[in-house]
Amino acid sequence: MTTFEIEPGRLFIGGRWREAADGARTEVVDPSRGTVLTTVADAGAADVEAAVRAARDAFDDGAWSGLSGRERGRVLHRVAALIRENADTIAELESRDVGKPITLAHAVDVTNAANDYEHFAALAHALDGSVRDTPMNALAYVRRRPLGVVAAITPYNFPLILAGSKIAPALAAGNTVVHKPAEETPLSALYMADLLKRAGVPDGVVNVVTGGPAAGEALLRDPGIDKVAFTGSTGVGRKVAALAGESLTPVTMELGGNAAHVVFEDADLEKAVGAVIKGFVFNTGQFCMGGPRLLVARQVYSTLLGILADAVPGVPLGDPRKPETVIGPMAGERHLRKVEEYVDLARKEGGRIVCGGERLDLDGGYYYKPTVIADLPNDSRVIQEEIFGPVLTVQPFDSEDEAVELANSTPYGLASGIQTGNLARAHRVADRLQAGIVWVNDWAMLDPAVPFGGVKDSGFGREYGPEALDAYTTTKSVVVSLD
């Protein structure tokens with residue numbers, strides 16, 4: 001593991017580092033200790049305006065948008081290579097900033113971020129136009145063009161990956177970007193700004209403004225923004241959509257989730273338990289595609305609940321800098337308090353705490369023991385709402401139809417999972433689940449080639465896959481008469 005001091009962060013605008021116009025700064029806290037790591041600039045409206053102007057100037061001068069897809073792809077390949085070369089530094093930044101276990105940060109965050117840039121580097125080559133014959137004695141050609149300036153607004157739980165899932169396709173398509181990371185976890189965004197420049201991304205093409213909700217609102221209201229890419233809670237997403245709607249700015253939104261993980265009686269329980277635990281403790285449960293709702297066929301309900309009661313307390317919880325740690329702290333104190341409030345509510349609603357259900361007092365950090373809750377009614381807020389922490393509710397079902405009904409009973413529809421040995425059932429149930437992605441006999445199988453996104457209150461639009469480029473391009477048709 002590397003050791004280094006984290007310098008106070010500044011804004012990255014037009015390829016240069018600068019302080020906020022009013023000199024404002026905000027603290028960044030290490031969630032494993034509850035202590036201040038560093039401070040970063042707190043952008044105001046004037047800073048956001050400067051960042052958007054820099055992005056607009058960079059787009060208009062064509063130094064990036066005017067390159068061929070192949071040329072842009074070469075730069076994005078260099079970004080991926082630099083991410084891998086600096087993997088130790090980036091993983092430690094994510095671990096210290098978010099509280100991620102260092103092993104997870106290496107294996108998931110750094111690897112997937114590099115894969116994102118490689119994937120969209122390859123897709124950049126395929127953005128050429130097409131020629132189409134028509135029955136009207138005319139020849140048409142269709143060109144895909146970048147939209148312009150993209151506002152990328154990302155959350156605190158996967159800062160590196162979720163920034164890459166927006167910035168990489170935006171750049172592949174020829175756009176410029178203003179990135180506003182979550183105020184709690186801005187460090188990898190600032191590091192990536194420097195790395196992108198080193199890779200050859202021209203000045204002004206990617207700008208980073210750190211700050212809170214005021215900076216985000218200023219970015220959304222700026223008339224120079226041509227596209228908004230947002231990941232965050234459903235509540236904030238509604239506000240983002242409303243602000244973008246004032247100027248009819250196109251938006252893609254990956255919002256909250258509350259996925260159901262369905263275990264049928266014919267499942268391999270040993271494999272299922274591993275997937276279930278991964279589904280709700282991965283990233284300390286701070287995962288919009290996590291599986292916090294477990295639905296179990298009544299024939300194996302008691303058996304599976306007993307296995308979880310024995311296995312979950314043994315999952316290594318603690319200092320994220322230790323390589324054996326699987327569960328680290330929550331990303332902040334307010335997130336920890338939210339989890340506590342939901343578990344207290346579960347007790348009041350008659351829920352049975354099978355294991356966990358309390359904080360872990362360790363080094364002043366924001367730790368919560370992984371918690372399994374049974375015996376709650378389906379209309380409980382603990383089941384219906386997104387907790388976003390290491391909490392699993394368990395419910396029995398008596399038929400396939402009931403399982404599907406329970407799985408689809410919340411307002412969310414981002415992900416779902418099925419555990420079964422019956423291939424026909426897997427396809428049949430997957431088709432009925434209201435979710436943008438369904439995993440069978442595992443959890444969180446993600447790759448840049450596979451699109452994901454939500455339905456219902458989980459948002460709209462898709463990230464990853466060639467489908468993502470549709471959100472960052474527009475088409476222009478030219479029809480030439482042959483008469």
Side-chain angles (χ1 to χ4, degrees), residues 9-24 26 40-66 72 145-155 159 162-183 186 189-190 192-194 196-197 201-232 236-237 239-253 471-474:
R10 295 172 290 166
L11 309 175
F12 189 74
I13 298 175
R16 304 288 183 271
W17 296 102
R18 51 177 277 184
E19 294 292 342
D22 61 2
T26 187
V40 297
D42 190 359
D47 303 306
V48 171
E49 182 181 0
V52 175
R53 187 169 60 249
R56 171 61 56 196
D57 290 345
F59 181 78
D60 289 344
D61 74 15
W64 184 254
S65 59
R72 292 194 297 269
R145 304 297 300 159
L147 293 171
V149 179
V150 174
I153 302 176
T154 54
L162 292 173
S165 71
K166 295 165 180 58
I167 295 173
L171 294 183
N175 299 283
T176 59
V177 177
V178 179
H179 178 205
K180 197 207 85 66
E183 59 184 316
L190 296 171
M192 284 298 299
D194 181 65
L196 286 159
K197 182 171 181 174
V201 175
D203 291 349
V205 171
V206 176
N207 307 272
V208 179
V209 290
T210 51
E217 183 170 344
L219 184 58
L220 292 166
R221 290 188 181 279
D222 196 294
I225 294 299
D226 300 302
K227 153 78 182 173
V228 175
F230 174 80
T231 297
V236 175
K239 297 175 183 177
V240 169
L243 286 171
E246 292 178 4
S247 54
L248 298 180
T249 304
V251 179
T252 50
M253 316 195 91
Y472 295 96
T473 57
T474 186

If you look at every heavy atom in [X] and [Y], which pair is closest and at what distance?
X      : Y      : result
Val209 : Ala51  : CG1-CB, 3.7 Å
Glu183 : Pro213 : OE2-CD, 3.6 Å
Ala41  : Ala20  : CB-N, 4.0 Å
Gly9   : Leu190 : CA-CD1, 3.9 Å
Ala45  : Ala218 : CA-CB, 4.2 Å
Gly148 : Asp226 : CA-OD2, 3.3 Å

**Request:** Could you tell me whether Lys239 atom NZ has more than 12 heavy atoms of other residues or ligands within 6.0 Å of it?
**Result:** no
**Item:** Interatomic spacing from CG in Leu162 to CD1 in Ile167 - rounded to 0.5 Å
**Value:** 10.5 Å
**Message:** What's the separation between atom OG1 in Thr176 and atom CZ in Arg56, rounded to the nearest 0.5 Å?
**Reply:**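 Spacing of OG1 (Thr176) from CZ (Arg56) equals 6.5 Å.
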Spell out, as yes or no, whether a donor-acceptor pair under 3.5 Å connects the side chain of [X] to the backbone of [Y].
X      : Y      : value
Trp64  : Leu171 : yes
Asp47  : Gly44  : yes
Arg72  : Ala172 : yes
Thr231 : Pro155 : no

Contacts of [X] that satisfy side-chain contact (heavy atoms from CB on, under 4.5 Å) - sequence neighbours left out:
X      : answer
Ala151 : Leu219, Ile225, Val228
Ala24  : Asp22, Asp42
Thr474 : Arg145, Leu147
Thr252 : Lys227, Ala229, Ala471

**Message:** Could you walk me through whether Asp194 and Phe12 satisfy the side-chain contact (heavy atoms from CB on, under 4.5 Å) test, starting with their C-alpha distance in whole Å, then the side-chain angles of each, then the deciding distance to 0.1 Å, before giving a yes or no?
**Reply:** CA-CA 8 Å; Asp194 181 65; Phe12 189 74; 5.8 Å; no
**Request:** Could you walk me through whether Thr154 and His179 pass the side-chain contact (heavy atoms from CB on, under 4.5 Å) test, one step at a time?
**Result:** CA-CA 8 Å; Thr154 54; His179 178 205; 2.8 Å; yes
**Asked** Does the pair Ile153 and Val236 meet the rule for a side-chain contact (heavy atoms from CB on, under 4.5 Å), with working shown?
**Response** CA-CA 11 Å; Ile153 302 176; Val236 175; over 6 Å; no
**Item:** All pairs passing side-chain hydrogen bond (donor to acceptor under 3.5 Å, both in side chains) where residues 206-225 contributes a residue, at least two apart
**Value:** Glu217-Arg221, Arg221-Glu246
**Message:** For Phe230, give me all partners under ring-ring contact (aromatic ring centres under 6.0 Å, His included), at least two apart in sequence or on another chain.
**Reply:** none
**Request:** Tell me, with the steps shown, if Arg10 and Arg18 meet side-chain contact (heavy atoms from CB on, under 4.5 Å).
**Result:** CA-CA 6 Å; Arg10 295 172 290 166; Arg18 51 177 277 184; 5.9 Å; no
